[in-house]
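Here is the structure we will look at.
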Amino acid sequence: MSDKVAKLELDGKTYDLPVLKPTLGPDVLDIRKLYGEADVFTFDPGFTSTAACESAITYIDGDVGELLYRGYPIEQLAEKSTHLEVCYLLLYGELPTAAQLADFTQRVTKHTMVHEQMHYFFRGFRRDAHPMATMVGVVGAMAAFYHDSTDINDPWQREVAAIRMIAKLPTIAAMAYKYSVGQPFVYPKNALSYAGNFLHMCFAVPAEEYVVSPILEKAMDRIMMLHADHEQNASTSTVRLAGSSGANPFACIAAGIACLWGPAHGGANQACLEMLKEIGTVDRIPEYIAKAKDKSSGFRLMGFGHRVYKNFDPRAKVMKESADEVLGLLGIENNPLLQVAKELERIALEDDYFVSKKLYPNVDFYSGIILEAMGFPTSMFTPIFAISRTVGWISQWKEMIADKNQKIGRPRQLYIGPQKRDYVDLRHR
Ligand code: CMC
């Protein structure tokens, strides 16, 4: 709280709105008492000007293109850290000591297998189901398999649920993939790293030995880190809203996965690669730029634009470097999709439409190129985002449960329906 107070004048009366001071970012007007005192709501569809909670986890400055996890810049973490270390940081607030990291890694690693009965659950799905559809179902069903960690009032159960989800989401996503291609499920291998184990569960087959490429393992780990948390985005807000009713953590994360699936959010990485393929060659770019500028086409450049970043998305910068590195190391730097992506970015960033609307490549613009080079089909891109974001969702959910000011989320509305009227009997309509 600061000494500053904003004044609202309405119908000849003045109302004081306290100004809250964040550690970083713009001041926040406290309107919690406004309805009680002035009998008015505020109107903010899409929450463009509304803070829905206090949080100490992630900070974004969209004007300068800055992303901090617990204060640490994403660029430093992407260069020096690992996904599991970032998981610890997001969950517990500080970088771990060597002993804490070893203990955390051990705890996650020991939970990578899923209940054997879950295999039958998978078999109920059609083989051609989108892996995100399967994941929403299976993660929601975790509450039925692990009901010893669904009591949200027990800190120990909350901790076990968190570790279980961080550990099992890669296994569940890999099983969804294996099921869709008709191959046997591959059990986790605990000697491997978090990212290496995921690649192993996706690409190993019983018929031959699979050796995890260190290049791909590092690239996958970096993709996971870059996606690990992103403040109060749509899926995280969904997790918080679901959790605000006291729902169990597995149900909340399943809700987050469902929200992430949309093409304006996590589904953009799949949509972006499909768009790059559709463009196909550099000479067709102007046609697609024109389409994106034409509102009546309904077409948007996927992987472009962001609600918060109005300068650049720092994750996209790291991802672009990673795409160059991975494709270079794999000897496929002349990949036509990468050429199309780079040229599309160059042309769009010189175009008045994109410049004036501050539309820049976002994290999804280059991630699909890396994932395809690794051998993933486009349908697995969003599940990989979901694995990576799981720790962010859980950290935010845990923070919310521990918040004494937490209330059930219940937005109000600007009602524009009919006035009160009397029922009309069927024969008089
Ligand atoms: N291509 C063409 N025009 C665009 C685009 C785009 N990708 N994005 C925004 N615009 C235009 C939009 O038409 C609007 O124009 P006008 O002001 O004339 O009506 C203006 O830019 C502002 O757009 P908005 O939809 O009001 O902005 P928003 O903050 O509500 O939406 C967004 C942000 C990310 C949903 C949007 O930029 C978009 O749909 N991008 C494509 C999908 C995408 O790449 N999503 C991934 C986001 S990053 C990963 C994640 O967090 O999930």
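For the single chain, residues carry numbers from 1 onward in sequence order. Atoms within each ligand, like the ligands themselves, are counted from 1 in listed order.
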Query raised in the report: Does a side chain donor of either Y288 or E278 reach within less than 3.5 Å of an acceptor in the other side chain?
Result: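 E278 and Y288 do have a side-chain donor-acceptor pair below 3.5 Å.
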Requested in this report: Using a cut-off of 6.0 Å, state whether more than 12 heavy atoms not belonging to E350 lie near its atom CD.
Outcome: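 Yes.
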Query raised in the report: Yes or no on side chain to side chain contact (heavy atoms under 4.5 Å, CB included) for F122 and V114, after CA distance, side-chain angles and deciding distance?
Result: CA-CA 12 Å; F122 269 91; V114 295; 5.7 Å; no
Requested in this report: State which residues pass salt bridge (Lys or Arg N to Asp or Glu O under 4.0 Å) with E66; sequence neighbours excluded, sorted by chain then number.
Outcome: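 For E66 there are no salt bridge (Lys or Arg N to Asp or Glu O under 4.0 Å) partners, ignoring immediate neighbours.
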Query raised in the report: Does D221 have any salt bridge (Lys or Arg N to Asp or Glu O under 4.0 Å) partners at least two apart in sequence or in another chain, and if so, which?
Result: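 Testing D221 for salt bridge (Lys or Arg N to Asp or Glu O under 4.0 Å), a comparison that skips the adjacent residues, returns none.
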Query - Pair listing, side-chain hydrogen bond (donor to acceptor under 3.5 Å, both in side chains) test, anchored in residues 238-262, at least two apart - result: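 Listed by first then second residue: Q232-R240, R240-Q396, R240-E399.
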Query - Sub-4.0 Å heavy-atom environment of ligand 1, residues by chain - result: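 Lining ligand 1: P263, A264, H265, G266, A268, A292, K295, R300, L301, M302, G303, F304, G305, H306, R307, Y353, K357, L359, N362, V363, D364, F385.
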